[in-house]
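Note that the coordinates shown come from a computational prediction; the quantities given were computed from them, not determined experimentally. Below, read A as the first sequence line, B as the second, and so on, with proteins coming before strands; counting in each chain starts at 1.
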Number of protein chains: 2
Amino acid sequence: MATSKKHIFLDEEIKIAEIAKVLSHPARIAIIRILLKKDCICKEIVEELPLAQSTVSQHLKELKKVDLISGEIEYPKICYRINRTMWQKVQNDLIKLFKSCC
Amino acid sequence: MATSKKHIFLDEEIKIAEIAKVLSHPARIAIIRILLKKDCICKEIVEELPLAQSTVSQHLKELKKVDLISGEIEYPKICYRINRTMWQKVQNDLIKLFKSCC
DNA sequence: ATTATTCATCGTATATTTACGATTAACAAT
DNA sequence: ATTGTTAATCGTAAATATACGATGAATAAT
């Protein structure tokens with residue numbers, strides 16, 4: 001048995017990993033939980049978490065990058081909310097992985 | 001409204017983030033999928049993935065650290081398998097987070 | 001125009017992750 | 001004892017993530 005058909009990772013594997021990465025920081029889980037309760041502006045989140053405003057903003061950016069949240073501009077505020085469709089999709093993707101179990 | 005009750009992250013948030021972190025690399029998702037199909041020794045996984053043996057071993061260590069897999073020694077091989085109980089728990093934890101949604 | 005408010009971005013320092021090759025450890029078989 | 005097989009660990013380089021303060025951008029209110 002010489003060697004092998006080395007292949008690259010599957011798209012699905014990459015996508016699941018991407019979503020998991022977004023969920024892989026307590027601050028982002030905390031932000032999601034806050035937003036699940038109610039839509040918030042960045043400042044409100046900053047006041048609930050022991051993090052600088054710039055740091056929270058960065059986490060929000062990550063969440064926005066994968067479309068888990070969206071922000072509606074009402075200058076100078078930006079109202080963040082969970083993207084329920086995407087949130088459902090995250091669940092489906094993960095559950096799909098789970099399903100390949102038994 | 002001066003400032004606020006800054007608190008640290010909740011245990012639950014940390015735990016979910018920890019699990020998500022383990023799932024946040026395509027290689028580890030790939031390894032899980034391989035092991036969901038059948039128990040494998042490290043060498044078999046190395047042959048299926050475009051990664052060095054030491055790298056796969058490191059990923060296996062991560063998965064083992066959170067108890068998602070276990071390894072049974074049959075020198076010089078080690079047979080890895082999914083810890084179904086833990087795998088179920090991961091699902092429950094994530095679904096619990098999802099549930100706080102609607 | 002100036003001021004106040006909110007948030008994003010920039011620059012940067014530090015820590016963590018990821019990957020690899022080389023080596024070591026643990027045995028089985030000879 | 002030597003050899004072969006498998007996997008863990010070590011050392012290390014490169015990339016990525018995380019955090020913060022400082023600054024800049026966008027507007028509303030004065």
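Proximity note for A:Y75 (side chain, C-beta onward) versus D:dA17, C:dA26, D:dA26: the nearest is D:dA26. The side chain of B:P76 lies closest to C:dA26 when the candidates are C:dT18, C:dA26, D:dA22. Taking every side-chain heavy atom of A:K77 into account, C:dT6 is the closest of C:dT6, C:dT9, D:dA7. When distances are taken from the side chain of B:R28 to each of D:dT6, C:dT18, C:dG21, the shortest belongs to C:dT18. For A:H25, the listed nucleotide lying nearest its side chain is D:dA19; candidates were D:dT6, D:dA19, D:dG21. Of the candidate nucleotides C:dT18, D:dT6, D:dA19, D:dT6 has the atom lying nearest to any side-chain atom of B:K43.
Distance A:Q53 CD to D:dC20 C1': 11 Å, rounded to the nearest Å. Residue A:Q58 contributes atom CD, which lies 16 Å from atom P of D:dA22 at whole-angstrom precision. What separates NZ of B:K65 from P of C:dT17 is a distance of 7 Å, to the nearest Å. One interatomic measurement links the two molecules: NZ of B:K61 to P of D:dT9, which rounds to 5 Å at whole-angstrom precision. Atom pair A:I45:CD1 and C:dC7:P shows a separation of 8 Å (rounding to whole Å applied). Atom C1' of nucleotide C:dT5 and atom CD of A:E74 are separated by 14 Å, given to the nearest angstrom. Regarding A:E47, its CD atom lies at a distance of 13 Å from the C1' atom of C:dT5, rounded to whole Å. Atom CD1 of A:I41 is separated from atom C1' of C:dT5 by 9 Å (rounded to the nearest Å).
The side chain of B:H59 contributes no N or O atom lying less than 4.0 Å from OP1 or OP2 of C:dT17. Remark: B:S57 is not in phosphate contact with D:dA7, judged by side-chain N or O atoms under 4.0 Å from OP1 or OP2. For D:dA17, one of the phosphate oxygens OP1 or OP2 lies less than 4.0 angstrom from a side-chain nitrogen or oxygen of A:K21. Side-chain nitrogen and oxygen atoms of B:T55 include at least one within less than 4.0 Å of the OP1 or OP2 phosphate oxygen of C:dC20.
A salt bridge links B:D93 with B:K89: at least one charged nitrogen is closer than 4.0 Å to a carboxylate oxygen.
Under the 30°/60° scheme for interplanar angles, the aromatic rings of A:H59 and A:H25 are found to be tilted.
The two residues A:L35 and A:R84 have their closest heavy-atom pair at O-NH2, 4.3 Å. Across all their heavy atoms, A:E62 and A:V22 have their closest contact at O-CG2, 4.3 Å. Scanning all heavy atoms of the two residues, the minimum distance from B:E44 to B:D39 falls at OE1-O, 4.3 Å.
Within the nucleic acid shown, A:I73 has no heavy atom closer than 4.0 Å to any nucleic acid atom.
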